[in-house]
2 protein chains.
Amino acid sequence: MSKKQQVLARSVPLDAPAHRLLRVPKDFRLGAVDPRSAPGYSGNKLSAAADLKETGRVLDELQERLFAASRSGATPKVLLILQAMDTAGKGGIVRHVVGMVDPQGVEHHAFKAPTEEERAHDFLWRIEKELPGAGHIGVFDRSHYEDVLIHKVRGYADEAELERRYAAINEFEARLVAADTKVIKVMMHISKDEQRSRLAERLERPDKYWKFNPGDIDERLLWDDYMNAYEVAINRTNTEAAPWHVIPANRKWYARLAVASLLREALEEIDPQWPPAAFDVAEQLARLQNS
Amino acid sequence: MSKKQQVLARSVPLDAPAHRLLRVPKDFRLGAVDPRSAPGYSGNKLSAAADLKETGRVLDELQERLFAASRSGATPKVLLILQAMDTAGKGGIVRHVVGMVDPQGVEHHAFKAPTEEERAHDFLWRIEKELPGAGHIGVFDRSHYEDVLIHKVRGYADEAELERRYAAINEFEARLVAADTKVIKVMMHISKDEQRSRLAERLERPDKYWKFNPGDIDERLLWDDYMNAYEVAINRTNTEAAPWHVIPANRKWYARLAVASLLREALEEIDPQWPPAAFDVAEQLARLQNS
């Protein structure tokens with residue numbers, strides 16, 4: 001067994017696959033998830049850091065294989081969709097989980113409030129443009145789900161339009177899956193109290209001011225409406241092809257380990273292989289020696 | 001002094017700023033650079049790994065400041081342009097240097113042979129589309145320089161056209177600099193022997209086959225022509241606004257430390273600051289407590 005195979009063979013830190021532990025059931029109720037919990041993990045903050053590092057080593061190898069395979073025409077790719085209330089830790093996932101693999105194989109996009117041009121198109125128009133290419137891991141910090149979350153809460157879309165969008169999302173994501181995209185949908189779930197203390201930190205540290213916006217509190221005042229909008233959207237779009245995962249996120253170290261595990265499992269399911277040589281190795285070695 | 005300021009204040013690993021050590025002089029001759037050398041560094045592979053890690057910590061903080069400042073309207077951004085012969089280590093720079101900062105703040109693009117659509121446009125058309133936004137570090141793995149390197153070597157462009165392109169590049173890059181882009185141009189320089197042994201490794205390891213293309217040897221057979229094309233292109237586009245750096249790259253650990261140092265120095269020159277609060281902190285804290 002090579003050193004790299006040994007890395008791959010090492011045991012996983014969770015009791016069961018993260019995609020089973022965290023996958024949303026039928027008729028899901030968000031209130032059933034305790035944001036302080038750590039499903040399937042009996043370790044602590046310290047062990048989680050070590051487990052994350054180890055998972056990162058596996059991810060790094062799998063991502064390179066995925067990328068390599070695409071150079072020989074393999075089409076698989078991964079799309080990680082991150083949704084959450086402010087401060088729930090999307091940015092930390094990007095930095096500490098996605099940051100463990102080669103930037104060459106990552107396509108990250110943070111969706112902001114749509115521009116005038118984007119608003120003039122269907123809500124999926126701007127999403128399509130940011131889809132990851134073959135061999136890549138795409139990461140969406142927010143996504144098309146904003147169009148059924150804030151739009152529901154704020155009443156920017158009526159019920160009929162929201163229903164149309166849920167259906168459109170399901171069709172869109174089914175198309176992605178059919179085109180060899182492994183879609184990992186993640187809602188990071190923090191408690192309202194935890195958000196207060198994280199927002200307070202942003203207001204107490206001058207190096208964090210830039211992360212704060214008074215609008216964050218406006219949204220916070222609508223917390224229950226958001227929880228309801230998430231619950232409805234998750235239930236409406238929790239398809240077999242592209243299921244939802246809700247990650248308890250009060251403990252950042254658990255959320256990071258959980259998302260890293262979801263990525264790892266997705267890549268292991270793809271099981272990308274080093275492509276065979278598309279040339280005669282001996283012949284090329286001989287050419288090289290003479291060059 | 002805060003912990004973060006202490007990190008920033010730590011001494012740099014090179015004898016002198018990398019941008020001075022490695023900057024290309026007037027009437028530059030590529031033959032004057034020894035690919036095995038390590039200008040300004042008296043350490044070894046082991047110390048270089050530690051120095052790289054330390055530089056990474058500084059980079060990470062500077063990059064976050066750059067990103068934060070852009071959220072308040074600051075326009076600076078960085079563009080790292082990597083050019084080199086095959087196997088010289090561009091990919092390693094992306095993985096081991098760029099990989100040290102938050103993926104959220106990085107825009108990486110690898111330029112391949114142009115598509116039909118791209119060829120139907122001016123050679124800078126596809127480049128413009130990949131320029132980094134404010135607060136970001138853009139990384140070009142190959143670039144518009146291919147249009148004066150392979151095009152010169154292969155005769156895809158005649159001398160008059162090449163001269164037109166050098167001038168167009170200088171105007172283009174001056175425009176980037178005027179728009180608050182710190183342009184870092186890097187040629188990673190390996191010896192022909194070193195390339196042979198690196199190509200041989202790709203032919204000896206099945207997990208490296210995917211990095212090899214028989215065309216790499218075709219290009220290698222034109223080594224001297226490429227060295228000449230680089231030398232001419234570098235001299236023609238070595239402007240005050242966007243100077244060239246040639247990095248001895250036979251020792252990967254030196255090349256990585258050198259490029260990390262160039263990035264660090266560029267960011268230190270920008271000196272991005274945490275933006276001040278654009279809101280009344282006490283007022284927002286009070287709102288938060290009541291929410």
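FYI, side chains are in, hydrogens and waters are out, and symmetry mates aren't considered; it's all heavy atoms of this structure. These numbers come from a predicted model, not from an experiment. Proteins come first, then strands; the chains are lettered A, B, ... in the order of their sequence lines, and each starts at number 1.
Most heavy-atom pairs under 4.5 Å with chain B, from the set Lys211(A), Arg220(A), Met100(A), Arg71(A): that is Arg220(A). Across Gly99(A), Ala282(A), Ala277(A), the residue that shares the most heavy-atom pairs under 4.5 angstrom with chain B is Ala277(A). Interface check for chain A: of the options Pro214(B), Ala200(B), Gly91(B), the most heavy-atom pairs under 4.5 Å are formed by Pro214(B). The candidate from Gln289(B), Gln284(B), Lys192(B) with the greatest count of non-hydrogen atom pairs under 4.5 Å with chain A is Gln284(B). Most heavy-atom pairs under 4.5 Å with chain A, from the set Leu199(B), Asp216(B), Asp280(B): that is Leu199(B).
The part of Asp141(B) that comes within reach of chain A is its side chain, from C-beta onward, which places non-hydrogen atoms under 4.5 angstrom from that chain. When heavy atoms are compared at a cutoff of 4.5 Å, Leu285(A) approaches chain B by way of both its backbone and its side chain. With a 4.5 angstrom heavy-atom cutoff, Ala68(A) touches chain B via backbone and side-chain atoms both. The part of Pro206(B) that comes within reach of chain A is its backbone (N, CA, C, O), which places non-hydrogen atoms under 4.5 angstrom from that chain. With a threshold of 4.5 angstrom between heavy atoms, Lys112(B) approaches chain A through side-chain atoms but not through N, CA, C or O. Glu204(B) touches chain A through its side chain: at least one heavy atom from C-beta onward sits under 4.5 Å away, while N, CA, C and O do not. Heavy-atom distances place no part of Lys208(B) under 4.5 Å from chain A, backbone and side chain included. Contacts of Ser72(B) with chain A are absent, with no heavy-atom separation under 4.5 Å from either backbone or side chain.
Here the options are Arg196(A), Arg202(A), Gln195(A), the test is side chain to side chain contact (heavy atoms under 4.5 Å, CB included), and the partner is Leu288(B); only Arg196(A) passes.
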Arg95(A) and Asp60(B): CA distance, side-chain angles, deciding distance, side-chain contact (heavy atoms from CB on, under 4.5 Å) verdict: CA-CA 10 Å; Arg95(A) 176 183 280 263; Asp60(B) 190 39; 2.7 Å; yes
Full working for side-chain contact (heavy atoms from CB on, under 4.5 Å) between Phe279(A) and Asn213(B): CA-CA 8 Å; Phe279(A) 43 82; Asn213(B) 188 306; over 6 Å; no
Tyr209(B) and Val281(A): CA distance, side-chain angles, deciding distance, side-chain contact (heavy atoms from CB on, under 4.5 Å) verdict: CA-CA 9 Å; Tyr209(B) 287 164; Val281(A) 173; 3.7 Å; yes
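In this structure, Glu107(B) CD and His109(A) NE2 are separated by 9.5 Å, a value rounded to the nearest 0.5 Å. To the nearest 0.5 Å, atom NZ of residue Lys90(A) and atom CD of residue Gln104(B) are 8.0 Å apart.
The aromatic rings of Trp210(B) and Trp274(A) sit parallel to each other, their planes meeting at less than 30°, with 60° as the upper class boundary.
Electrostatic pairing of Arg287(A) and Asp218(B) counts as a salt bridge here, judged by a charged N lying under 4.0 Å from a carboxylate O.
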